[in-house]
Structures are given as structure tokens and as C-alpha cells.
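Within every chain, numbering begins at 1; the chains are lettered A, B, ... in the order of the sequence lines, protein sequences first and strands thereafter. In what follows, every heavy atom counts, from backbone to side chain, and hydrogens, waters and symmetry copies are set aside.
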2 protein chains.
Amino acid sequence: MIEYILLGFLKKGEMSGYDIKFYMSNSTSHFYDASFGSIYPALKRMLGLGLIGVREGISEGRLKKTYFIREKGSAEFLKWLEAPVPGGRGKMEHLIKIFFYDFLPEQKASELIRGFIASTEEKIKELDELEARIAEKAGRFSISTLLFGKDYYKFTAEWYKKFLKTA
Amino acid sequence: MIEYILLGFLKKGEMSGYDIKFYMSNSTSHFYDASFGSIYPALKRMLGLGLIGVREGISEGRLKKTYFIREKGSAEFLKWLEAPVPGGRGKMEHLIKIFFYDFLPEQKASELIRGFIASTEEKIKELDELEARIAEKAGRFSISTLLFGKDYYKFTAEWYKKFLKTA
DNA sequence: TACGCCATGTAAATTGTTACATGATTCC
DNA sequence: GGAATCATGTAACAATTTACATGGCGTA
């Protein structure tokens, strides 16, 4: 996972591990964040795989390694980005991908978002069925998480629909 | 983490590891799920700590171990449950706790939910500031994740407010 | 008899965080 | 001179998933 996010950031421009962390805290951190302890080893691995390259330099007396994305890395990243958005269990993984959709052609991005909306509406149906099945047995708060789930998926679907319209 | 969830399920009634997994898939699985590989070792640990007890029996020829919660486990669980709901980064951890709020006195539950609403509204403020800071530099999709974050927190705050009213 | 479900459990692999270690520069 | 920030990195630890291993029962 982290590899793709790092590739996405490097696709925005050449930068160091430290820069990426800083960039993250000002952008994705409310739904995805990584520590230095995962960023630096990941960059090393990716370097070994030829996904990225590095330029070592000295900026203001301090060592600074700036990484850049290679063809291979760019291809891997786009392959990941173009795969369907995971509809998964109430998590917000969709945001991680959408964050990078500026790198996809307008049409492809819309298509993927429509697919995500469809899978979200599928979830709503599932929860409707689940609700019917267990409604009697559950306590007030337990059932409320199910209702929240449903409302959350509805909110998500509506949000993306509106997003596509105002695009 | 998993320990508290298992305690919560056992507080609902005596059951086996397999039962818990089944129960989960029909209730919390859309925001929290665990595998057998984490459930069984966790039950073993908890047994060692005296948080739960076990009764071994044979049901329809198959071995069946049913676990029950002990005083100590119940106390630990309630301590965890009464702690403030983590406001954390777009995750949906709040649902995990709310799911078990039937075990708290009405008033305590409301109080905790009000606290959660406040922390959520704090998040909205933070994102407003972040938005003002980076609005020019970001691409359409990148900025949209920030807007989604804000809308999501708004949705969450409103949802819980409504929930408290209709209670 | 073979497949699917019930039921428990272990081991390896994965993925990541926290804490530590190092060192330079800038600002007070 | 000392704290904060810039900057890179490693090692220990934590939590979990995946895959494997085992075995009995019901049913087609």
C-alpha cells in the first residue's frame, strides 16, 4: 500500500522522504498517514526494484536525497490507480485513490467513480437485508451502527454523484 | 484492540470463537472484522489473564469451547468503553465503541457521544484552515478529498446529533 | 466418497508503529 | 548555548492476516 502512495507523491514532483511526510500532513493525513519508519525503508525497497531513482545532494549543509519516479514506477502506479476502487467495509480507502485521480484522464476517472458509486449502492442493499434479519434481536446502540453504516454509504454515494455533476 | 471487542461480544452472552466470528459477520463486519488467526490466540491470552473463563463440551460430536466473561474482564471492558471516543483521522473507530454502548447507562452514553460530536466539529475547523492554506496549489481531485473529509465530519456530527434527539 | 460446513488451532509472513541514534542548521 | 526544525535511518516491537494442519458431521 505505502509504495503506491509514495509513487503518487513522487509523480507530483521530485522530493525527499522528509518532504513526502510534510506533504502528507498537509493533504492526506486525515485519512492516510505514514511514519518515517515506514517511508524510508519503502523508498529503499522501491529503489532496489527500479521503480524510483535518487539524487543525493547537499542543501544548506544538510544531506538531502531527492527521489524521482521512473517509467517502471509510473506504470505500476497507474495500473494500481486504474483498478476498481475497493468498496471495502466502511473504510475510507476510496479517498486514497481519488486523491491521485488528477493523474487519470477525465473520462477514466469518472468511470471509476461511477463504479465506486455502484458498489456503494450494493452495500446499502446488503445492509438493508441485514437490518431486516437482525432488527429484533439487537440493542439500540448496536442497531445504530448498522444504521450509521447505511447512512454513511448513502452519504458517500450522494457525495460522489454531486461531485461528478459539478465537475 | 481485539481483546475489547471479544469482551464486548462475550458480555452479550457465552459463546465460542467460531460463534463470535459468525456474530461479527452479521453485525460489526462492515467496520470491524477479525480472523480466526487473531480470535483464537486472543481468547487464549485473555484466559491466561483471567479476563474470561471457558467451558469445554461436546456438541453434536464436535469439540466446542464456550467462553464467558469474568468480573475482571467486565471491569476492563467498561473502563475501555467509558474512555472518550477517539476522534482519529477519518477512521470509523467510533462505531466500534458505539456498537457496545448498550452496556453503558443512558446518561454516560449521551455524554460520550456529545464529546465525540465536539471533537468532530474540531476536525471540521482544522480542515477549514487547511483548505484556506492549500486551496490554490492542489488539483481538482486532491482538493476533493479534503472537501470529502469536511463533508464526512459534518455528516457524522449531524448524524449523532439527530441520533441523540430521536433517542 | 467427496464436498461443504462446523470447529479449533499454529506458523509464517506482512505491515506497520514507536523509540532510538545521529548530526547539521537556524533562531532565540 | 540550547531548543526547534531539518533530515536520514535502524531495531525492536506490535498486531494482524494468510496459509496451513487437523478432524468430525451431514448430505448428495
Distance in angstrom units between [X] [atom1] and [N] [atom2], rounded:
X       : N      : atom1 : atom2 : result
A:Phe36 : D:dC6  : CZ    : C1'   : 9 Å
B:Phe22 : C:dG4  : CZ    : P     : 19 Å
A:Arg62 : D:dG9  : CZ    : P     : 15 Å
B:Tyr4  : D:dA15 : OH    : C1'   : 14 Å
B:Lys64 : C:dC5  : NZ    : P     : 16 Å
B:Lys21 : C:dC5  : NZ    : P     : 15 Å
B:Met15 : C:dA7  : CE    : C1'   : 16 Å
A:Ile39 : D:dC6  : CD1   : C1'   : 14 Å

Whether [X] contacts [N] is assessed here as follows: a side-chain N or O lying under 4.0 Å from the phosphate OP1 or OP2. Is that the case?
X       : N      : value
A:Ser35 : C:dG16 : no
A:Lys44 : D:dT8  : no
B:Tyr40 : C:dT8  : yes
A:Lys65 : D:dG9  : yes

Touch class at under 4.0 angstrom, heavy-atom based, for B:Tyr67 against every strand present: sugar-phosphate

Given [options], which nucleotide is nearest the side-chain atoms of [X]?
X       : options                : result
B:Tyr18 : C:dT8, C:dG9, D:dT8    : C:dT8
B:Ser38 : D:dT10, D:dT8, D:dT17  : D:dT17
B:Met1  : D:dC25, D:dT16, C:dT26 : D:dT16

Identified ring pair (Phe, Tyr, Trp, His ring centres under 6.0 Å) counterpart of A:Phe77 within the set A:Tyr4, A:Phe100, A:Phe9: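 Exactly one option meets the ring pair (Phe, Tyr, Trp, His ring centres under 6.0 Å) with A:Phe77, and it is A:Phe100.
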
B:His30 and A:Tyr153 side chains, donor-acceptor separation under 3.5 Å: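 B:His30 and A:Tyr153 do not have a side-chain donor-acceptor pair below 3.5 Å.
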
Ring geometry between B:Phe155 and A:Tyr152 (parallel below 30°, tilted from 30 to 60°, perpendicular above 60°): tilted

Parallel, tilted or perpendicular, as decided by the 30° and 60° cut-offs, for the rings of A:Tyr160 and A:Phe163: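 A:Phe163 and A:Tyr160: perpendicular rings.
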
A:Glu14 and A:Arg55 ion-paired at < 4.0 Å: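 Salt bridge: yes.
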
